[in-house]
Amino acid sequence: ASRLWQETLSNYLIKELGFTQCKYDSCLYIKRKGEHLCMLGIYVDDIICAHNGDMLNWFKDKFTGEGGFNAKHLGKLSWFLGMAIDQSDKHTITINQSQYIEKLIKRFMPYKEGRKIEMSMPCNPTTFQQLSIAQNENEQARAKKLPYLELIGSLLYLSTMTRPDIAYHMSVLCSFMHNPSCACFDAAMSVLLFVHGTNHYHL
C-alpha cells in the first residue's frame, strides 16, 4: 500500500503538475515558474511546501481540486518529525529538538543513580578514545542490565537531525553496540547530559 501511494503521488506531481524529482533525495520535488519556486518535501503522507509568490495557492488548488487528493492545509510549519521549527520575520529558520531531549532525560536519568557521570563541555574526546568492549562475563552481565542500545538509538536520531556537534561521539559509541561496557553506557549518558545542558542550541 505504501509503495502504491508513493507511485500515485510521484506520478501526479511529475506528470500532471510538472515537478522534478531530486536526484539525490527522492522525497524532494521542485517546480519553477519563472522567478517563482515551489519545493515539496514528502514524508509518507505529510507534505512540506517551501514557496514564493503564489505557488502555494496554485499547488493547493491543483492538488485538492484537479488531483482529487483529500488534503488539509495546516498552516505555517512549526513542528515536523519531532522537531520544532521557528520561522522568524527576518526570514531565518531554526530547528531544535528540545522537547525530545527532555523526554530522553526523563526516560534514561533513573539509570544514572549511583553512577558517577558528569557533563563535559564539550564531551571530552579523550574519554571516548579510551573506551573498550566489556572485558569479562561479569561486566557483560552488568552492561546487559543497562539500556545501551535504546540510548544510542535515541542519541543517534538526535545527532542526525539537529545536533551534528555530537556526531563524532556517536560514531565511537556505535562501534561498541555488539558488546558495550559499563563505561560505554556512562559515556553515552555524558552525551545525553551534554545535549540537555545545551538544550538552547538551535540549528
Side-chain angles (χ1 to χ4, degrees), residues 1-107 149-168 170-171 174 177 192 195-196 198-203:
S2 59
R3 179 174 177 272
L4 290 174
W5 159 244
Q6 290 300 323
E7 282 186 354
T8 301
L9 179 62
S10 182
N11 287 337
Y12 179 75
L13 293 176
I14 295 171
K15 296 178 180 178
E16 301 297 329
L17 298 187
F19 279 87
T20 300
Q21 191 173 26
C22 178
K23 295 180 180 179
Y24 308 104
D25 188 340
S26 59
C27 296
L28 178 63
Y29 295 82
I30 304 169
K31 181 177 177 64
R32 289 183 172 85
K33 289 177 66 175
E35 296 180 353
H36 294 164
L37 176 68
C38 184
M39 301 175 68
L40 303 178
I42 312 294
Y43 182 76
V44 189
D45 59 353
D46 289 326
I47 301 176
I48 296 177
C49 181
H51 62 92
N52 62 4
D54 199 40
M55 292 294 281
L56 176 61
N57 290 328
W58 167 82
F59 173 70
K60 287 194 299 182
D61 292 341
K62 290 287 187 181
F63 195 70
T64 59
E66 296 177 7
F69 289 92
N70 183 17
K72 180 167 60 174
H73 181 221
L74 300 178
K76 188 176 178 180
L77 183 66
S78 60
W79 188 262
F80 190 69
L81 297 180
M83 295 181 293
I85 295 95
D86 182 25
Q87 304 181 58
S88 77
D89 295 333
K90 297 180 180 179
H91 305 290
T92 59
I93 300 174
T94 61
I95 59 176
N96 72 84
Q97 289 175 281
S98 297
Q99 290 188 28
Y100 178 72
I101 293 172
E102 292 296 335
K103 288 181 180 179
L104 295 185
I105 285 292
K106 290 180 180 178
R107 178 180 175 186
L149 296 182
E150 293 89 340
L151 178 55
I152 293 301
S154 301
L155 290 172
L156 198 58
Y157 176 66
L158 189 64
S159 71
T160 56
M161 299 298 279
T162 60
R163 295 299 299 264
D165 54 323
I166 63 170
Y168 164 76
M170 295 315 304
S171 68
C174 284
M177 292 176 70
L192 176 57
V195 294
H196 183 251
T198 55
N199 212 354
H200 58 287
Y201 285 8
H202 291 186
L203 191 64

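Model, not experiment: these values are computed from the prediction.
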- Would you call Tyr157 and Leu81 a side-chain contact if the rule is heavy atoms closer than 4.5 Å? yes

- Message: Less than 4.5 Å apart, side chain to side chain, heavy atoms only: is that true for Leu28 and Met39?
- Response: yes

- Query: Taking atom CD1 of Ile101 and atom CZ of Arg163, what is their separation to the nearest 0.5 Å?
  - Reply: 5.5 Å

- Query: Would you find a donor on one side and an acceptor on the other, under 3.5 Å apart, between the side chain of Ser159 and the backbone of Ile166?
  - Reply: no

- Spacing of Lys103 atom NZ and Gln97 atom CD [to the nearest 0.5 Å]: 11.0 Å

- Evaluate the side-chain proximity of Ser2 to Val44: yes if any heavy-atom separation is below 4.5 Å, no if none is. no

- Verify, without hydrogens or angle tests, whether Lys62 (side chain) and Leu17 (backbone) share a donor-acceptor contact under 3.5 angstrom. no

- Query: Is any side-chain heavy atom of Glu16 less than 4.5 Å from a side-chain heavy atom of Glu66?
  - Reply: no

- Message: Within the structure provided, determine whether Leu149 and Met177 are in side-chain contact (heavy-atom separation under 4.5 Å).
- Response: yes

- Task: Would you give the length of the straight line joining atom CG of Asp46 to atom SG of Cys27, rounded to the nearest 0.5 angstrom?
- Result: 11.5 Å

- Query: Taking C-beta and beyond as the side chain, do Ile48 and Tyr43 meet within less than 4.5 Å on heavy atoms?
  - Reply: no

- Hey, does Ile42 have a side-chain heavy atom less than 4.5 Å from the side chain of Ser10? no

- Query: Which atom names give the shortest non-hydrogen contact between Gln21 and Ser26, and what distance separates them?
  - Reply: NE2-O, 2.8 Å

- Is the backbone of Ser154 close enough, under 3.5 Å, to the side chain of Tyr100 for a donor and an acceptor to pair up by distance? yes

- Task: State, to 0.1 Å, how close Ile47 and Leu40 come at their nearest heavy-atom pair, and which atoms those are.
- Result: CG2-CD2, 4.0 Å

- Ignoring hydrogens and geometry, is there a side-chain-to-backbone donor-acceptor pair from Asp86 to Thr94 under 3.5 Å? no

- Mind checking whether Trp58 and Phe19 have parallel, tilted or perpendicular rings, split at 30° and 60°? tilted

- Side chain of Gln87, backbone of Leu77: donor and acceptor closer than 3.5 Å? yes

- Verify side chain to side chain donor-acceptor pair (under 3.5 Å) between Asn96 and Thr162, making sure each step is shown before the conclusion. CA-CA 6 Å; Asn96 72 84; Thr162 60; over 6 Å; no

- Message: If you apply the rule side chain to side chain donor-acceptor pair (under 3.5 Å), what do you find for Asn199 with Glu102, and how did you get there?
- Response: CA-CA 9 Å; Asn199 212 354; Glu102 292 296 335; 3.2 Å; yes

- When rounded to the nearest 0.5 angstrom, what is the spacing between OG1 in Thr8 and CZ in Phe69? 6.5 Å

